[in-house]
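Every chain is numbered from 1, with letters handed out A, B, ... down the list of sequences.
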There are 2 protein chains.
Amino acid sequence: MSEKVKKRTLISDIASHLGVSIATVSLVLNGKAKQSRISDAVAARVLAYVQEVGYKPNQLAKSLRTGKTHVIGLVVEDIANPFFSTVAALIERQAFERGYRIIYCSTNNDPARARELISMFQERHVDGYLVVPAEGIEEQIAEIMQEKTPLVVFDRYLPELATNYVVVDGAQGTHAAARHLLEQGFSNLAFVTTSSAQTQMQARLDGYRQAMQEHGLPETVKQVAVGQDAETVITDILSFIRDNRQCDAIIFSTNYLSIYGLEAIGRLGLRIPDDLAMVSYDDHDLFRLYTPAITVIAQPVEAIAKNVIDILLEELKNCAGEAPRPVQQVLLPPTLVVRQSSLRQPAGAARKARKQEAAS
Amino acid sequence: MSEKVKKRTLISDIASHLGVSIATVSLVLNGKAKQSRISDAVAARVLAYVQEVGYKPNQLAKSLRTGKTHVIGLVVEDIANPFFSTVAALIERQAFERGYRIIYCSTNNDPARARELISMFQERHVDGYLVVPAEGIEEQIAEIMQEKTPLVVFDRYLPELATNYVVVDGAQGTHAAARHLLEQGFSNLAFVTTSSAQTQMQARLDGYRQAMQEHGLPETVKQVAVGQDAETVITDILSFIRDNRQCDAIIFSTNYLSIYGLEAIGRLGLRIPDDLAMVSYDDHDLFRLYTPAITVIAQPVEAIAKNVIDILLEELKNCAGEAPRPVQQVLLPPTLVVRQSSLRQPAGAARKARKQEAAS
DNA sequence: TTGAAAGCGCTAACAC
DNA sequence: GTGTTAGCGCTTTCAA
């Protein structure tokens with residue numbers, strides 16, 4: 001009376017059905033038929049039957065035996081952030097094409113969570129790690145390196161550790177944005193960033209500071225505390241803008257701060273760029289389509305994904321060779337995408353410029 | 001001369017170091033010390049030593065033995081789409097808290113890719129599946145069901161298959177949007193959707209059709225072919241709008257079509273809502289902050305994530321019991337979030353309304 | 001050419 | 001209370 005649950009086919013089922021040994025089936029399945037001089041006829045029979053019954057080798061058993069899982073652990077800050085989800089999607093695609101799968105998790109910049117995630121990846125024996133490191137996880141990263149598991153860190157790096165990394169030159173990006181604003185005639189630039197000590201945030205701040213110093217201009221910096229709720233951040237930025245009306249332009253150090261900033265500017269009833277010019281980090285549909293369109297320091301997401309995965313796969317290949325691989329550290333240039341939000345121009349010109357962009 | 005690679009600690013190392021048996025260590029580690037009447041002293045010694053050397057059981061071996069991986073396979077359409085990345089982030093968090101990990105992949109609505117992904121999840125013996133089904137993967141889904149592996153489908157469902165699912169009432173959403181537009185005095189509504197036959201798209205279209213029929217109004221529907229590049233879609237929508245100037249409002253069936261639509265409307269130099277009102281599916285920073293703010297039919301992302309994971313975990317728990325679990329099919333209501341893009345109002349009022357929303 | 005068999009690291013009967 | 005041991009499903013060496 002009991003439902004017969006269809007049992008999963010095993011390699012032994014294949015072997016016994018075909019009257020050959022398990023080893024033969026395994027060899028054929030792993031493309032080692034030729035080198036083991038298994039007859040073409042047998043190989044063909046095996047392949048045909050495997051196809052017929054839809055046999056899928058148990059990767060758990062395979063991994064346990066071979067020590068390879070063909071899984072890459074991807075740790076990002078927040079998969080719901082368009083920057084990370086875009087990079088993740090690109091990484092996923094490239095990894096998939098080369099036979100690797102991704103397990104991903106978001107840390108939300110919580111070091112405890114990051115540690116848990118890395119620990120879980122270790123337990124599952126991922127073949128390699130791709131990590132956007134939260135602060136305070138140096139120890140876990142060091143452990144991965146000591147195990148000699150391939151690792152590439154990106155978006156930011158850990159100064160104390162000589163890991164492979166792929167980051168974007170934030171100092172250059174902010175510096176270019178500041179220069180652009182000054183060229184446009186804005187003279188009092190503010191910089192809104194987070195209180196984080198992460199390298200990418202520090203670099204972006206440094207670019208601003210350097211530009212201000214070069215021009216002998218005062219620095220007006222707002223560091224928003226991390227981990228607060230949206231409303232708090234918005235009112236925080238709003239107060240900052242209101243208290244610094246001498247500023248005629250703001251650079252935001254990351255996409256979500258800009259989004260909160262747009263809210264704050266809207267509530268204050270200020271017009272962009274006439275009352276306040278702005279530049280954001282990271283491109284985003286919102287910035288492209290907003291009226292006025294927002295000038296951004298765009299990070300090269302494709303290049304980030306490509307470099308990250310290339311370096312990791314290279315290490316994965318070399319793993320057996322145990323060659324003393326030099327550490328790969330890549331610094332990619334960002335691109336300043338100038339739109340209306342940072343242009344000093346006569347009223348009405350904005351609309352015309354918009355049309356031009358559309359026509360191009 | 002060779003670098004001594006620190007060997008991973010094994011359960012046998014723990015046992016021999018402590019002078020107890022492997023079984024004792026295993027039992028303690030799995031919280032079965034009490035029921036196996038292992039002395040508290042021994043249990044404490046084991047735990048202390050495990051802690052000290054940072055022993056991490058090999059989950060591959062454990063899974064191979066127990067048949068449980070504590071991994072959930074999540075298949076979405078596109079992780080870079082904010083709707084999916086938001087739901088994924090929420091699902092991930094809840095799953096993590098309950099001891100499950102996520103492997104995710106994007107199908108990009110390609111059935112071949114979806115099949116590959118599901119096949120890969122089968123090989124890796126995920127404990128359960130969460131799937132946004134691409135068209136044409138009924139067979140793979142049926143296979144999962146036959147294996148009796150827990151499965152929840154979401155965002156859309158497969159009409160031929162009696163799976164658990166969690167979807168949003170798209171007909172109701174579009175119907176409400178249409179009624180709202182008509183109440184505002186717009187009288188000629190267009191609907192822009194994809195050529196996809198997926199249930200959620202059909203439901204959204206049905207809601208529009210029904211509303212039009214109820215009011216004896218003509219239907220003006222544009223079905224954009226799926227899988228085209230951005231520029232083609234934009235010009236396609238642009239032509240549609242230009243050829244249908246009698247329409248004074250458009251409802252877009254999904255977030256990315258709206259984004260393309262905003263581009264097209266911008267290029268045509270039309271003002272929203274005066275020249276053309278609009279409503280989009282899915283909420284998004286862009287829609288909230290755009291000027292004018294865009295009215296949306298918001299999907300309840302938290303509720304989707306919660307229902308999806310609750311149903312799956314329930315099944316996971318029942319798995320051993322093999323109780324004849326009834327299929328869970330959940331239909332969640334969307335919410336119409338009215339903003340300026342759909343309001344018929346005197347010029348200048350929009351700005352005021354904006355401030356009101358901010359104040360609330 | 002093919003088959004037998006020894007593990008990969010862990011769990012959980014079942015002895016003692 | 002604790003130890004022994006038979007697998008989970010697969011790969012791969014070595015013998016036939």
Of the listed C:dT11, D:dG9, D:dT2, the closest approach to the B:Lys62 side chain comes from C:dT11
Does A:Asn30 put a side-chain nitrogen or oxygen below 4.0 Å from OP1 or OP2 of D:dT11?
-> yes
B:Leu27 CG to D:dT4 C1', in whole Å, measures 13 Å
B:Arg45 atom CZ is separated from D:dG1 atom C1', nearest whole Å, by 13 Å
Among C:dG9, C:dG3, D:dT11, the one nearest any side-chain atom of A:Val20 is C:dG3
So, does B:Ser26 get its side chain near the phosphate of C:dT11, meaning an N or O under 4.0 Å from OP1 or OP2? yes
From the candidates C:dC8, C:dC10, D:dC10, the one with an atom nearest any side-chain atom of B:Ile11 is C:dC10
If you count heavy atoms of other groups shown closer than 6.0 angstrom to CZ of B:Arg93, is the number above 12? no
A:Ile38 atom CD1 is separated from C:dG3 atom P, nearest whole Å, by 9 Å
Ranking B:Leu64 and B:Thr24 by the position along DNA chain D of their nearest nucleotide, the one closer to 5' is B:Thr24
Worksheet item: Looking just at side-chain N and O atoms, do A:Glu315 and A:Asn164 make a donor-acceptor pair shorter than 3.5 Å?
Response: yes
Checklist line | Distance-only side-chain donor-acceptor flag, B:Ser106 / B:Asp78, under 3.5 Å | finding: no
Look at the side-chain N and O atoms of A:Lys32 and state whether any lies under 4.0 Å from the OP1 or OP2 oxygen of D:dT12. yes
Shortest non-hydrogen pair, A:Ala112 vs A:Asp110, comes out as N-OD1, 2.9 Å
Of D:dC10, D:dT11, C:dG9, the nucleotide closest to the side chain of B:Asn58 is C:dG9
Between the CD atom in A:Gln328 and the CD atom in A:Glu314, the distance rounded to the nearest 0.5 Å is 8.0 Å
Rounded to whole Å, the CG-P distance (A:Leu18 to C:dT1) equals 17 Å
Out of D:dC10, D:dT13, C:dA12, minimum distance to the side chain of A:Ala23 belongs to D:dT13
The nucleotide from D:dC10, D:dT2, C:dT2 with an atom nearest the side chain of A:Arg65 is D:dC10
Please classify the nucleic acid contact of B:Leu60 as base, sugar-phosphate, or nothing, using heavy-atom distances under 4.0 Å. nothing
The nucleotide from C:dG9, D:dG7, C:dT2 with an atom nearest the side chain of A:Ser39 is C:dT2
*When the ring centroid of B:Tyr165 is compared with that of B:Phe154, is the distance short of 6.0 Å?*
no
B:Ile14 atom CD1 is separated from C:dT11 atom P, nearest whole Å, by 12 Å
Rounded to whole Å, NZ of A:Lys34 lies from C1' of C:dT1 at a distance of 13 Å
From CD1 of B:Ile22 across to P of D:dA6 the rounded distance in Å is 13 Å
Q: Report which part of the nucleic acid A:Ser36 touches: base, sugar-phosphate, or nothing (heavy-atom distance under 4.0 Å, all strands).
A: base
A:Leu29 atom CG is separated from D:dT12 atom C1', nearest whole Å, by 14 Å
Between B:Tyr55 and C:dG9, is there a side-chain N or O to OP1/OP2 distance below 4.0 Å? no
